[in-house]
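The chains referred to below are lettered A, B, ... by the order of the sequence lines, with proteins before strands, and numbering in each begins at 1.
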Amino acid sequence: MEPVITRFPPSPTGFLHIGGARTALFNWLFARHLGGKFILRIEDTDIERSTEASVKAILDAMEWLGLTWDEGPYYQTKRLDIYAEYAKKLTDTGHAYWCECTPEELETRRKAAMAQGRKPKYEGTCRNLGLGPGTNRVLRFRTPESGETILRDLIKGPIFFDNSELDDLVLVRSDGIPTYNFAVVIDDLTMDVTHIIRGDDHVNNTPRQMQIYLALGAKMPEFGHVPMIHGEDRSPLSKRHGATSVMEYKELGFLPEALVNYLVRLGWSHGDQEIFSRAELIEEFTLEHVGKSPSVFNMEKLLWLNAHYIKEKQPEELIAPLKPFLTARGYLEKDDSYIAGAIRTLQPRSRTLVEMADAMRFYMIDEVDYDEAAVQKFLTHEMRDVFERVLPELQNLDDFNEANLEAVFKKVTGELNMKLGKIAQPIRVALTGVTVSPGLFEIIDVLGKETVLKRMRRAMGRMG
RNA sequence: GUCCCCAUCGUCUAGUCCGGUCCAGGACACCGGCCUUUCACGCCGGCGACGCCGGUUCAAAUCCGGCUGGGGACGCCA
């Protein structure tokens with residue numbers, strides 16, 4: 001059996017967005033599942049809008065998601081001679097012809113056609129003029145005027161197109177640069193791509209591309225068109241729906257495995273399973289279970305998955321991804337074991353690394369900032385006695401583990417005939433400045449004796 | 001406008017190919033409860049959908065047709 005080769009061909013005109021990332025992921029998984037190859041190709045034939053920065057941004061995002069490629073990145077602008085060769089082949093065989101219609105004329109005719117309710121397509125003005133190459137001339141494909149092109153889509157099933165609906169698309173621009181529809185075909189052809197998995201929005205391009213394969217006598221690849229991702233209002237996902245760039249999600253504190261897991265389930269399923277490790281995805285991913293209908297991006301579920309992965313990781317694994325967020329907040333330098341301890345207490349209560357970093361504040365600064373309402377409510381005069389009792393007990397405790405701490409508090413509350421609930425909040429406020437935090441004993445354990453005593457004494461200063 | 005695609009809970013989806021096991025299952029969100037030193041986590045329970053109309057059939061979420069709704073494409077963008 002021939003080896004499977006898939007590819008992801010972003011155009012470097014912006015960042016890698018969510019939809020593109022899912023397409024890349026599907027291609028990557030498809031290839032990995034079948035033990036094939038995954039190629040990365042930069043489609044930079046839009047000279048005007050392509051930028052180096054975009055290429056970098058896209059590559060960074062691919063790496064962050066762990067979508068490793070086996071070949072490339074190839075750049076179309078470095079393959080111009082190849083396209084020229086095939087363009088010549090098509091002209092020589094009469095499958096392509098030169099056209100001198102100007103963009104302005106075309107635009108006028110398009111508008112007129114729309115106004116009259118006709119499908120705006122190139123009328124073939126230059127089709128039989130026998131023009132040769134020249135300035136301001138484009139090379140067009142001579143599309144068959146009759147017949148039918150059948151796309152047997154791996155995801156959507158058979159789709160029929162009347163060739164009369166297709167028009168003579170431009171293959172080579174007047175500046176000699178090939179257009180997308182031409183370059184993709186030649187690239188996929190010469191790179192031996194066997195399976196083209198791409199967005200739904202390419203369905204209508206497919207019959208045109210198939211005609212080029214046919215004209216070239218080339219082997220036709222398989223096509224699979226994945227439905228689009230929409231926003232809450234069912235319109236295509238865009239900025240106004242929130243973050244659309246993959247790297248924005250990194251900045252929002254998402255873990256790549258959460259995004260990958262979320263994205264793969266947008267359109268694909270494996271029974272009732274929601275959580276997939278990368279190995280499981282590679283094992284289970286097939287196109288058969290990719291749905292046909294568009295899906296809506298739902299931040300809540302992504303958040304849930306992210307929370308899941310945050311909980312599941314070892315605290316140590318979270319240190320590196322969390323560090324940038326800590327630094328950004330100007331926190332003190334702490335060593336990794338301390339940070340890991342703090343992370344452990346926040347894992348069950350953080351949905352993102354941003355939330356975690358924010359909640360970590362009291363661990364990371366010297367003097368906690370008190371929430372005044374909390375101080376008023378809990379650092380009351382009557383707590384002074386309680387603190388006086390607790391302080392020496394803690395002072396004498398050598399091993400600050402949770403069990404010991406619990407014993408100490410049991411003892412004190414017993415002697416004072418108070419419930420733990422009564423004194424927990426005041427101590428929490430003393431240690432964190434706020435009323436919401438991880439468990440008291442966990443905090444004490446992480447903070448350590450010196451800090452705990454210091455903060456409790458300082459808090460006593462705020463008691464009436 | 002023309003062509004193409006799609007249609008199960010608010011959202012992601014299972015089930016649809018091979019009609020009965022589905023008075024439709026899971027997950028997120030939401031609501032309630034339990035746990036509890038706060039907040040979470042966790043656990044238990046609840047709410048909630050086959051777009052509409054017709055046909056085929058003993059039987060339709062599943063097959064067929066129409067309608068409606070949504071989306072995509074119509075570039076010397078990709």
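Shown for residues 304-315 of chain A: residues whose heavy atoms fall under 4.0 angstrom of RNA chain B, namely A:W304, A:K311. Contacts of residues 155-163 of chain A with RNA chain B (heavy atom under 4.0 Å): A:K156, A:I159, A:F160, A:F161.
Note on A:V170: only backbone sugar-phosphate atoms sit closer than 4.0 angstrom, heavy atoms only; bases stay farther off. Contacts of A:G199 with the nucleic acid, taken as non-hydrogen atoms under 4.0 Å apart, are absent. If you check every strand for non-hydrogen atoms under 4.0 Å, A:S293 touches sugar and phosphate atoms only. Residue contacts for A:T45: at a heavy-atom cut-off of 4.0 Å it reaches the sugar-phosphate backbone alone, with no base atom in range. Among the heavy atoms of the strands lying under 4.0 Å from A:R49 is at least one base atom, whether or not backbone atoms are also near. Within 4.0 Å of A:S174, counting heavy atoms only, lies at least one base atom of the nucleic acid. Backbone-only engagement by A:L266 is indicated by non-hydrogen atom pairs under 4.0 Å involving sugar-phosphate atoms exclusively.
Look at CG on A:L303: it is 9 Å from P on B:A29, rounded to the nearest Å. Atom P of nucleotide B:A78 and atom OH of A:Y74 are separated by 21 Å, given to the nearest angstrom. The distance between atom NZ of A:K121 and atom C1' of B:C74, rounded to the nearest whole Å, is 11 Å. When the C1' atom of B:A27 is taken as reference, atom CG of A:N261 falls 11 Å away, rounded to whole Å. In this structure, A:L171 atom CG and B:A78 atom P are separated by 12 Å, rounded to whole Å. If you take CD of A:E288 and P of B:A14, they are 13 Å apart, rounded to a whole angstrom.
For A:R110, taking side-chain heavy atoms from C-beta onward, the closest of the listed nucleotides B:A27, B:A78, B:C76 is B:C76. Of all nucleotides listed (B:U37, B:C41, B:U11), B:U11 comes nearest to the side chain of A:N298. Which of B:C41, B:U13, B:A78 sits closest to the side chain of A:Y180 comes down to B:A78. When distances run from any side-chain atom of A:N181 to the nucleotides B:C41, B:C39, B:A78, the shortest one goes to B:A78. Looking at the side chain of A:H289, the nearest of the listed nucleotides B:G15, B:C74, B:C76 is B:G15.
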Mind listing the N/O atom pairs, protein and nucleotides 33-35 of chain B, below 3.5 Å?
none

N/O-N/O pairs, protein side and nucleotides 69-72 of chain B side, under 3.5 Å:
residue : atom : partner : partner atom : Å
B:G72   : N2   : A:N204  : ND2          : 3.0

Taking only nitrogen or oxygen atoms into account, show me every contact under 3.5 Å that the protein makes with nucleotides 16-25 of chain B, one pair per line with its distance.
residue : atom : partner : partner atom : Å
B:G25   : N2   : A:D272  : OD1          : 2.7

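Ring centroid separation for the pair A:F276 and A:W268 comes in under the 6.0 Å cut-off. Taking the ring centroids of A:F38 and A:H195, they lie at or beyond the 6.0 Å cut-off. Taking the six-membered ring where the residue is Trp, the centroids of A:F141 and A:Y97 are separated by 6.0 Å or more.
Phosphate contact (OP1/OP2 of B:A14, side-chain N/O of A:S269, threshold under 4.0 Å): present.
Checked against salt bridge (Lys or Arg N to Asp or Glu O under 4.0 Å), A:R240 has the following partners two or more places apart in sequence or in another chain: A:D233. With sequence neighbours excluded, no residue forms a ring pair (Phe, Tyr, Trp, His ring centres under 6.0 Å) with A:F15. Not counting sequence neighbours, the partners of A:F441 by the ring pair (Phe, Tyr, Trp, His ring centres under 6.0 Å) test are A:F409. For A:V434, the side-chain contact (heavy atoms from CB on, under 4.5 Å) partners are A:D371, A:T432, not counting sequence neighbours. By the salt bridge (Lys or Arg N to Asp or Glu O under 4.0 Å) test, A:R152 pairs with no residue at all, sequence neighbours left out.
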### Message
For A:F182 and A:L139: C-alpha separation, side-chain torsions, deciding distance, then whether side chain to side chain contact (heavy atoms under 4.5 Å, CB included) applies.
### Response
CA-CA 10 Å; A:F182 184 46; A:L139 189 67; 6.0 Å; no
### Message
ring-ring contact (aromatic ring centres under 6.0 Å, His included), that's the test. Do A:H202 and A:Y180 meet it? Break it down for me.
### Response
CA-CA 11 Å; A:H202 287 287; A:Y180 161 75; 5.4 Å; yes
### Query
Could you go step by step and tell me if A:R109 and A:E107 meet the salt bridge (charged side-chain N to carboxylate O under 4.0 Å, His left out) rule?
CA-CA 5 Å; A:R109 284 184 232 156; A:E107 186 54 30; over 6 Å; no
### Task
Could you walk me through whether A:N181 and A:Q209 pass side-chain hydrogen bond (donor to acceptor under 3.5 Å, both in side chains), step by step?
CA-CA 6 Å; A:N181 275 302; A:Q209 293 172 12; 2.8 Å; yes
### Message
Between A:N306 and A:T352, does the side-chain hydrogen bond (donor to acceptor under 3.5 Å, both in side chains) criterion hold? Intermediate values first, please.
### Response
CA-CA 6 Å; A:N306 205 49; A:T352 67; 5.5 Å; no
### Message
Apply side-chain hydrogen bond (donor to acceptor under 3.5 Å, both in side chains) to residues A:Q425 and A:T435 and explain how you reach the verdict.
### Response
CA-CA 6 Å; A:Q425 282 301 73; A:T435 55; 4.8 Å; no
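B:C12 takes the anti form, because its glycosidic angle lies more than 90° either side of 0.
Here B:U57 sits opposite no nucleotide as a Watson-Crick or G-U wobble pair (both hydrogen-bonding atom distances under 3.5 Å). The partner of B:U2 is B:A73, judged by Watson-Crick or G-U wobble contacts that both fall below 3.5 Å.
Between B:U2 and B:C63, the distance separating the two P atoms is 28 Å to the nearest Å. Nucleotides B:C34 and B:A40 are separated by 15 Å at their C1' atoms, to the nearest Å.
Between the side chain of A:R349 and the base of B:C41 there is no donor-acceptor pair of N/O atoms closer than 3.5 Å. Judged by distance alone with a 3.5 Å cut-off, a donor-acceptor contact links the side chain of A:E274 to the base of B:G26. Residue-to-nucleotide contacts include no donor-acceptor pair under 3.5 Å from the side chain of A:N205 to the base of B:A73.
Comparing A:Y262 and A:G439 along RNA chain B, the residue whose closest nucleotide (by nearest heavy atom) sits nearer the 5' end is A:Y262. Each of A:F297 and A:E165 has a nearest nucleotide on RNA chain B; the 5'-most of these lies closest to A:E165.
A side-chain N or O of A:Y363 and one of A:T345 form a donor-acceptor pair less than 3.5 Å apart.
Identified under the salt bridge (Lys or Arg N to Asp or Glu O under 4.0 Å) test for residues 350-360 of chain A, with sequence neighbours left out: A:E300-A:R351, A:R329-A:D358, A:R351-A:E355. For residues 416-435 of chain A, the pairs satisfying salt bridge (Lys or Arg N to Asp or Glu O under 4.0 Å) are A:E382-A:K422, with sequence neighbours left out.
A cation-pi arrangement is absent between A:R265 and A:W304, since the terminal nitrogen or guanidinium carbon is not both under 6.0 Å from the aromatic centre and inside a 45° cone about the axis. Taking the ring axis of A:Y122 as reference, the NZ or CZ atom of A:R140 stays within 45° of it and closer than 6.0 Å to the ring centre.
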